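Since the structure is predicted, the reported quantities are computational estimates derived from the model, not experimental observations.
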There are 2 protein chains.
Amino acid sequence: MLRPADQIVHKAAWLYYTHGLRQDEVARRLNISRASVALYLRRARETGIVNISASTQLFRSDRLARQLEDRFGFEAVWVLGEEGLTDDPTAEIPTLAASVFLEMVQNGDRVGVAWGRTVYAIADAMSYADRQGVTVVEMCGNLGSPYSYRPDQCTMEIARRLNASGLNFYAPLVLSTEDLARQLREEPVIREQLDGIAGCDLALFTVGTLDEDSHVIKCGALGLDELAEIKKLGAKGVIAGQIIGSDGALLDCSYNRRMISADFESIRAIPRRLMVVQEDEKLEPLLAAIEGRFLTHLVLTARMAESLLEHAGAGEAEPAPASA
Amino acid sequence: MLRPADQIVHKAAWLYYTHGLRQDEVARRLNISRASVALYLRRARETGIVNISASTQLFRSDRLARQLEDRFGFEAVWVLGEEGLTDDPTAEIPTLAASVFLEMVQNGDRVGVAWGRTVYAIADAMSYADRQGVTVVEMCGNLGSPYSYRPDQCTMEIARRLNASGLNFYAPLVLSTEDLARQLREEPVIREQLDGIAGCDLALFTVGTLDEDSHVIKCGALGLDELAEIKKLGAKGVIAGQIIGSDGALLDCSYNRRMISADFESIRAIPRRLMVVQEDEKLEPLLAAIEGRFLTHLVLTARMAESLLEHAGAGEAEPAPASA
DNA sequence: CCCCTACATTGACTTTTGTCAATGAGCATG
DNA sequence: CATGCTCATTGACAAAAGTCAATGTAGGGG
């Protein structure tokens, strides 16, 4: 189970990090040079043999975070204000989200991952960890090559970082006809994947916008003419590829019927659902997603948190229905 | 929720460990000296705001560990051979056990802790972690002051290290008469604690020996005259203060009936049960504990692992009943 | 209001760690 | 069997982190 080349890395990591020996002491004990020890330790950190993580409490203790938790009944909210590196909190959302996500994933979990620019950025910012028995499952169908943020790559990358196995959908996200989509959904190999989503312990996803330059358009899943059409029908956002209205329910349109993706009941059956909102333009989609009870945990910027509270304060008080 | 003094420590930890800034960069950003940053970072590590942990895979990949897993059907076994600091693996068992235990504890878990010299040593070796919503419950009654390894201290220390809340038994471990023990067990506050044990997600315990210098004797729970008596009845070991025979069942004796401790069905109802065996003299007690299906996970020395396999190889093959 | 104590912070120094070009070892190929 | 390749390892230097005595500061008591 442990390659002999890794053995020495594990030993060095154990002596250095757990026992607190200095690098030269570790070197002496293992009969190698100190430079090698330094090298091994770096490899140990990079591959998740050693785990270093900072608490994300800082972002939960923000006043806005507390207010959102109270107001909407979320289990936990992380708000990114001015704490970060740059003056632009948006850029650091993926880093925070990656930390939060890693904190939430437990050994043996089955994790559902939907796709989006942000999810891809999170995968990229995530450090390697050595979890046991984790499975990462894709929550929606795939897109062809023209676009670089492919859903399956996203899933696989996250799986790789967690030392987990990844389960991809062997189907496109959108098909040409409703009939073909229906037939495909009933294929055993697809059916199985769809049914497996409700059995996840944790989900990671974003809500998408519906503009000319939003993700679903740019990646070619949705055409501009079709966009105009569904916007007339009241489309407000995108969840795992599917279009939702302002009430958070699946919009009744051909596009949605031609889709292979997790159905909303399955998503809501997942006990912990982490939504990450990066861009400040996503207020409307986020409101729709909240209305649809898609999330139990939320990561967002302070600006967005403020907009959300402003908007919610104006409306009537909600009874905070967090879990399905 | 976050004391203002801790805020700066969190910020420094976040910038340094998550974003990978250098200490002087962190210092500049926070308008403090680099020396302060170094100080805060140390505090962050010591208080669990930052978590650094090395994988324990090294000890699971040992040949002996695999054989034990196969032979007895344990979920996981960690074997400590010559990997450590000193030539005495026994001394390092608590360190390894602490790492393993921390790997096993998840946010929100309810953890049962039994007591023993080894459990105390584990508590001592455990690094601080910042877990959310963990509860540590004591699995047996308490002993008075004369002895320093008090069960309640043990529970509380582990709770402290995990940032968890601790639940102690408000009762002695052994009483003078069977009748008093019976009455006390029915007291609501005690009953509640006893009933709560089966609801644990994880248990940490040792098996004790029954010699003149073993723990139960030294701490005054059991007298020498009584020891001789129960040994005649076939006593082989101690689980959470209670005497078991070679079949792992509760020994039918007055001592056991005067005891306030977790009943065995409750213990076996806990899904993950980590047993740690430190001393090489515990072969007989360990065999009895295995027979009683008290453990699903095991940490022990290579020497002990060998004895165990030798002994088991001689006997007939067991069907490996790991879980209750 | 002043003094004293206890603790936080810092600058300067020492120790430890990271890095990289140079070397060596293993291995497949011509 | 020599050759050229890749990759692991190392020694020496540069960079970063740890430490501690000295200084500053806040708070409590007389």
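- Between the C1' atom of C:dT19 and the CZ atom of B:R22 lies a distance of 14 Å, rounded to the nearest Å.
- Under the rule for a salt bridge (Lys or Arg N to Asp or Glu O under 4.0 Å), the partners of A:K282 that lie at least two apart in sequence or sit in another chain are A:E279.
- Interface limits on DNA chain D: the 5'-most and 3'-most nucleotides within less than 4.0 Å of chain A heavy atoms are D:dT9 to D:dG11.
- The ring of B:F205 has its center no closer than 6.0 angstrom to the ring center of B:W115.
- Remark: A:D201 engages A:D109, A:R110, A:R272 in a side chain to side chain contact (heavy atoms under 4.5 Å, CB included) (not counting sequence neighbours).
- Side-chain atoms of A:R45 and A:Y128 include no donor-acceptor pair closer than 3.5 Å.
- Side-chain nitrogen and oxygen atoms of A:Q23 include at least one within less than 4.0 Å of the OP1 or OP2 phosphate oxygen of C:dG18.
- Checked against A:F101 for a side-chain contact (heavy atoms from CB on, under 4.5 Å), the options A:T56, A:L162, A:V299 give a single hit: A:L162.
- Rounded to a whole Å, the OH atom of A:Y16 is 7 Å from the C1' atom of C:dT17.
- By the salt bridge (Lys or Arg N to Asp or Glu O under 4.0 Å) test, A:E103 pairs with no residue at all, sequence neighbours left out.
- Not counting sequence neighbours, the partners of B:D152 by the salt bridge (Lys or Arg N to Asp or Glu O under 4.0 Å) test are B:R150.
- In this structure, B:L30 places its CG atom 14 Å from C1' of C:dT9, rounding to the nearest Å.
- For the segment residues 35-49 of chain B, the set of residues with a heavy atom within less than 4.0 Å of an atom of DNA chain D comprises B:A35, B:A38, B:R42, B:R45, in numerical order.
- Between A:E25 and A:R29 there is no salt bridge, since none of the side-chain N atoms of the basic residue sits less than 4.0 Å from a carboxylate O of the acidic one.
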